[in-house]
Novice: 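This is the structure I want to talk about, given as structure tokens.
Just so you know, these numbers use all the heavy atoms, side chains as well, and skip hydrogens, waters and symmetry mates.
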Amino acid sequence: MEQKKIGAFILELRKEKNMTQQELADKIGVTDRAISKWENGRGMPDLSLIKPLCDELGITINELLSGERLNKENYQERLEENFINTINYHDKKIKSSTYILKLTILSILVLFAIVITLFCTDVNRMKNNQPVLFSTWGFKYAPPIDLKFEEIENVIKNYLVEKGDSNPKHHDNEKTFISTKLYLCEEKSTYFMIYAWVLEEKYYLENNNIKQDSSSSIPYQLTVEKIDEEYIVTDSRIPRDGSYYFDDMKNIFPKSVRNDMDKVYTDGTIERLHFDIEQQIKLYYHQ
């Protein structure tokens, strides 16, 4: 079935009848876009429209499907040919519709599988007190606030302040200030292993002037345990100075932590720790 030939034939007959596409469309109950589609060879009328279209154009169905007017000699031959072509055309159309239907169903199933996967992912995260990643179900979930690592960091700071204040003082009103950067908190079965960089500075007042006594910048490994519902630092280690330093760093700190600590003087860490201590000093001395 030659769609372009049939389309050109429809166009020719419509013009012979002095009809616009809209006028022909109105007569058979379709849109002018449908007429345009047929005339351009991009489609064929439905079976239910073929008879009304032929009546309006003054031709037989056989002539429409042939794309030309027929004489008595070749009418029967073309009738049989068009009959077979029509069956083949609609068979292809049914197969195409079936393919589209299958593709649509498959797309819906894939989409459904994706949604179920996302939903199960979020349910699993909620069970583990983690925030949801997707909000396609119209709700959001935030896990309960866990402040244990903030508590542990405060415990570590208090431990180091007490340790610094307990050392021999050069001045009566000398005070220890601590600022820390935690690089890794490993949660073991009965304790926490903390790897941190600690900036410790000591200040004192002299004639109402704040003066610095000493300063140290040291990597720490600290063991924190929870005893009677309280976090307590039970052990701490620092690398020894001199020739022992690099070996101790390898023995005490994981490689990933060492790599991060190597940048402590170039990535702004020391500056941020010192700024934190400056704020503590202002609060402590009310300045």
Novice: Would you tell me whether D26 and Q22 have side-chain atoms, one donor and one acceptor, within less than 3.5 Å of each other?
Specialist: yes
Novice: Is any side-chain heavy atom of V161 closer than 4.5 Å to a side-chain heavy atom of K175?
Specialist: yes
Novice: Is F253 reachable from L184 through a run of I, L, V, M, F, W or Y residues, each pair having side-chain heavy atoms under 4.5 Å apart?
Specialist: yes
Novice: For a 4.5 angstrom cut-off between non-hydrogen side-chain atoms, does S214 reach E200?
Specialist: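 No, side chains not in contact.
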Novice: Surrounding NZ of K157 (heavy atoms of other residues, nucleotides or ligands, distance under 6.0 Å), is the total greater than 12?
Specialist: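 Enclosed.
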Novice: Is there a donor in the side chain of D46 and an acceptor in the side chain of S48, or the other way round, less than 3.5 Å apart?
Specialist: no
Novice: Is any side-chain heavy atom of C185 closer than 4.5 Å to a side-chain heavy atom of F192?
Specialist: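 The answer is no, as the side chains (C-beta and beyond) never meet within the 4.5 Å cut-off.
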Novice: Would you call R258-D262 a salt bridge at under 4.0 Å N-O?
Specialist: no
Novice: For E162, what residues pass the side chain to side chain donor-acceptor pair (under 3.5 Å) criterion, not counting sequence neighbours?
Specialist: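 With sequence neighbours excluded, E162 shows a side chain to side chain donor-acceptor pair (under 3.5 Å) to no residue whatsoever.
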Novice: Hey, is K4 close enough to E2 for a salt bridge, meaning N to O under 4.0 Å?
Specialist: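 Not counted as a salt bridge, because no side-chain N and carboxylate O are separated by less than 4.0 Å.
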Novice: Would you call E56 and K17 a salt bridge, taking side-chain N to carboxylate O under 4.0 Å as the test?
Specialist: no
Novice: Starting from Y204, walk the hydrophobic network (Ile, Leu, Val, Met, Phe, Trp, Tyr; side-chain heavy atoms closer than 4.5 Å) and list everyone else you reach, by chain and number.
Specialist: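 Cluster partners of Y204: none, it stands alone.
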Novice: As a quick check of understanding, evaluate side chain to side chain contact (heavy atoms under 4.5 Å, CB included) for Y245 and D248, giving each step before the final call.
Specialist: CA-CA 5 Å; Y245 182 82; D248 283 356; 5.9 Å; no
Novice: Between E271, E278, R272, which is the residue that forms a side-chain hydrogen bond (donor to acceptor under 3.5 Å, both in side chains) with H274?
Specialist: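 The residue from E271, E278, R272 that satisfies side-chain hydrogen bond (donor to acceptor under 3.5 Å, both in side chains) with H274 turns out to be E278.
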Novice: Would you say Y265 and S217 are linked by a side-chain donor-acceptor pair, where the criterion is simply a distance under 3.5 Å?
Specialist: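 The criterion, which ignores hydrogens and geometry beyond distance, is satisfied for Y265 and S217.
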Novice: Yes or no on side chain to side chain contact (heavy atoms under 4.5 Å, CB included) for T269 and D260, after CA distance, side-chain angles and deciding distance?
Specialist: CA-CA 10 Å; T269 295; D260 289 338; over 6 Å; no
Novice: Does W197 reach the side chain of I270, with side-chain heavy atoms less than 4.5 Å apart?
Specialist: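 The answer is yes; the side chains approach within 4.5 Å.
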Novice: Determine whether the aromatic ring centres of Y203 and Y284 lie less than 6.0 Å apart.
Specialist: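 Ring centres of Y284 and Y203 not closer than 6.0 Å.
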Novice: If you count the non-hydrogen atoms of other residues, nucleotides and ligands that lie under 6.0 Å from CG in D172, is the total more than 12?
Specialist: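 For D172, atom CG is not crowded (no more than 12 foreign heavy atoms under 6.0 Å).
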Novice: Members other than L11 in its cluster, when Ile, Leu, Val, Met, Phe, Trp, Tyr link by side-chain heavy atoms under 4.5 Å?
Specialist: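 When side chains under 4.5 Å apart are linked, L11 ends up in no cluster with other residues.
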